[in-house]
Amino acid sequence: PGRHRGAFFGDKRPVFEAAIRSAAESRARSAAESRVDRAAESGVSLDGATRAFELVQRAKARELLDALGESRAARPLGADEIASGLADDTLLLEFFVAQGQLLRWSLERRRGLELAILGDSAEILATVTRVHRSLSGSEPAAAADLDRLSTALLEGLGPISGKRLVIAPDSGLRYLPFELLPAPDDDDRPLIEIATVAYLPSGSALASVAVERSRPAFRSLALANPRLPSTGPGDRPAALLAARFGLRDLPAAEREVASLERWLGGPARVLVGELATEAAFREAAGAGSRVVHLAAHTVIDERPGRGAAVLLSPEGEDDGLLQPQEIAALELHTDLAVLAGCRTALSDRAAGDSIASLTGAFLAAGANGVVATLWEVGDEATAAFMDQLYWQLGRGATPADALRLAKLRFREQAAWRAPHLWAGYVLIGQPPSVAARKIPWGWIAIALLALSILGLAIQRRRTRAVY
């Protein structure tokens with residue numbers, strides 16, 4: 001029955017939107033007076049801002065619940081409860097589209113909750129779509145569009161440098177790599193240079209993505225380059241999808257999964273080609289793994305009547321399509337799930353529902369975090385990026401820091417610095433480190449040797465001075 005419940009929220013969302021907008025605009029000055037108003041300055045009552053924020057948490061939980069047909073969506077939390085779980089350097093940004101208006105809440109432990117009414121959502125979302133289409137087409141996003149989005153989405157937040165941004169987008173904003181936006185109050189430097197960015201389905205999800213793990217059976221579980229079914233009489237859905245999107249084998253995917261064991265260590269479970277089936281994934285995932293890596297095509301289709309799925313090798317009763325409802329039904333004992341392949345198709349007004357349901361399904365199944373891609377990057381580039389990401393993870397960096405460091409490393413290299421090669425990787429969730437931080441014994445040995453040599457040199461000088 002879960003597959004048929006998704007329409008419920010589609011019918012009820014307008015009710016949520018009306019209630020949220022009414023609460024947000026309670027006692028507010030006319031929008032003509034100021035396009036962006038902080039709660040304390042605009043006349044929006046704190047009760048109104050808080051009430052609207054709480055309704056957003058309920059709306060997003062309901063949306064995910066209906067999409068997955070599961071009861072594991074994040075429990076809606078109030079602003080005070082969410083703020084109490086934030087680190088002092090963390091800034092949560094929650095967005096919601098309500099009756100054509102884009103609303104933004106910013107929440108910090110020390111400053112509390114602030115509401116900004118950002119104005120007409122249609123123009124902002126159209127700009128996001130242009131940026132995504134450029135990047136997914138291997139073209140740079142127009143600087144004017146990035147500047148426009150920076151002003152629309154980040155204005156009024158104050159300095160961001162050094163903070164950890166946790167962003168809960170809504171609608172088409174789920175397809176925007178915020179890291180590319182220049183920060184208005186930080187010399188217009190892009191966010192990637194000054195802050196660590198992660199994403200969430202909603203602020204309430206913070207409470208459900210920091211689960212302590214018992215010792216898992218594997219350090220890493222990887223499925224790579226599943227066999228794509230050929231088309232023919234009685235085609236399976238996976239074959240039709242492969243033909244529709246022109247999917248090809250992923251030979252470099254086997255290099256990707258080699259990075260896991262090389263940088264993270266063992267034990268590892270690797271399933272390649274025909275072995276990368278749904279049944280094998282269900283069995284291995286239940287045993288637990290610090291990292292689950294799917295080097296497979298992930299189809300995210302936002303056109304009406306479509307959806308999302310990870311393509312694995314068909315076998316027996318399994319059709320080869322690992323869908324959100326199936327993922328959410330698993331007991332996935334993992335800190336980090338990595339979806340290394342992606343193919344997106346957007347409608348003119350992409351709602352972001354499909355990508356939200358796919359990543360939300362992994363969180364609902366028990367993953368602390370998910371790395372996904374907002375567009376297809378390419379086999380070779382993905383292998384290179386994953387090698388850098390897992391090297392950072394193997395050194396003990398948290399996934400959020402590892403992803404940022406990998407992106408910065410790519411930006412330094414001429415062959416990889418184009419934004420479409422690195423900006424599409426996003427982290428949903430706040431997972432902990434998946435490997436112990438390694439002590440740099442090599443550098444320590446060099447430093448000790450240098451100190452020893454320096455000490456000998458000083459001793460010789462003193463000896464000469466005495467005689």
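It should be emphasised that the depicted structure is a prediction, and the values quoted were computed from it without experimental measurement.
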Closer than 4.0 angstrom, basic N to acidic O: yes or no for D249 and R227? no
More than 12 foreign heavy atoms under 6.0 Å from CG of D80: is that the case here? no
Residues passing the side chain to side chain contact (heavy atoms under 4.5 Å, CB included) test with R417, sequence neighbours excluded, are A414
Matching residue for Y175 among H132, E302, R133 - test: side-chain hydrogen bond (donor to acceptor under 3.5 Å, both in side chains): E302
For R269, enumerate each residue passing the side chain to side chain donor-acceptor pair (under 3.5 Å) test, keeping only those at least two apart in sequence or located in another chain. none
Do E94 and K60 sit within salt-bridge range, that is, some charged N less than 4.0 Å from a carboxylate O? yes
Is a side-chain N or O of D379 found less than 3.5 angstrom from the main chain of A252, in a donor-acceptor match? yes
Under the salt bridge (charged side-chain N to carboxylate O under 4.0 Å, His left out) test, residues paired with E139 that sit two or more places apart: none
Going by the rule side chain to side chain contact (heavy atoms under 4.5 Å, CB included), which residues pair with V97 if we only count those two or more places apart in sequence or in a different chain? R13, L102, S121, L125, D170, S171
Results of side chain to side chain donor-acceptor pair (under 3.5 Å) for D145 - residues two or more places apart only: R130, R148
Between D387 and R255, is the closest basic N to carboxylate O distance under 4.0 Å? no
E81: which residues meet the salt bridge (charged side-chain N to carboxylate O under 4.0 Å, His left out) condition with it, sequence neighbours left out? R75
Quick one: are the ring centres of Y390 and W263 less than 6.0 Å apart? no
What pairs with V128 under side chain to side chain contact (heavy atoms under 4.5 Å, CB included), at least two apart in sequence or on another chain? L149, L173, L176
Could you label the plane-to-plane angle of the Y425 and F385 rings as parallel, tilted or perpendicular, counting under 30° as parallel and over 60° as perpendicular? parallel
Just to verify, what does E261 make a side chain to side chain donor-acceptor pair (under 3.5 Å) with, not counting sequence neighbours? none
Could you check R395, R164, Q392 and say which one makes a side-chain contact (heavy atoms from CB on, under 4.5 Å) with D401? R164
Do other residues, nucleotides or ligands put more than 12 heavy atoms under 6.0 Å from the CD atom of E412? yes
Can you tell me which residue pairs pass the salt bridge (Lys or Arg N to Asp or Glu O under 4.0 Å) test with a partner in residues 186-204, sequence neighbours excluded? E193-R411
Got a sec, which residues hit side chain to side chain donor-acceptor pair (under 3.5 Å) with H297, two or more places apart in sequence or on another chain? none
Rounding to 0.5 Å, atoms CZ (F95) and OG (S202) come to a distance of 14.0 Å
Between H420 and W375, is the gap from one ring center to the other below 6.0 Å? no
Does either side chain, that of S204 or that of Q57, offer a donor lying less than 3.5 Å from an acceptor on the other one? yes
For F218, the ring-ring contact (aromatic ring centres under 6.0 Å, His included) test, sequence neighbours excluded, returns none
State which residues pass side chain to side chain contact (heavy atoms under 4.5 Å, CB included) with E315; sequence neighbours excluded, sorted by chain then number. T277, A279
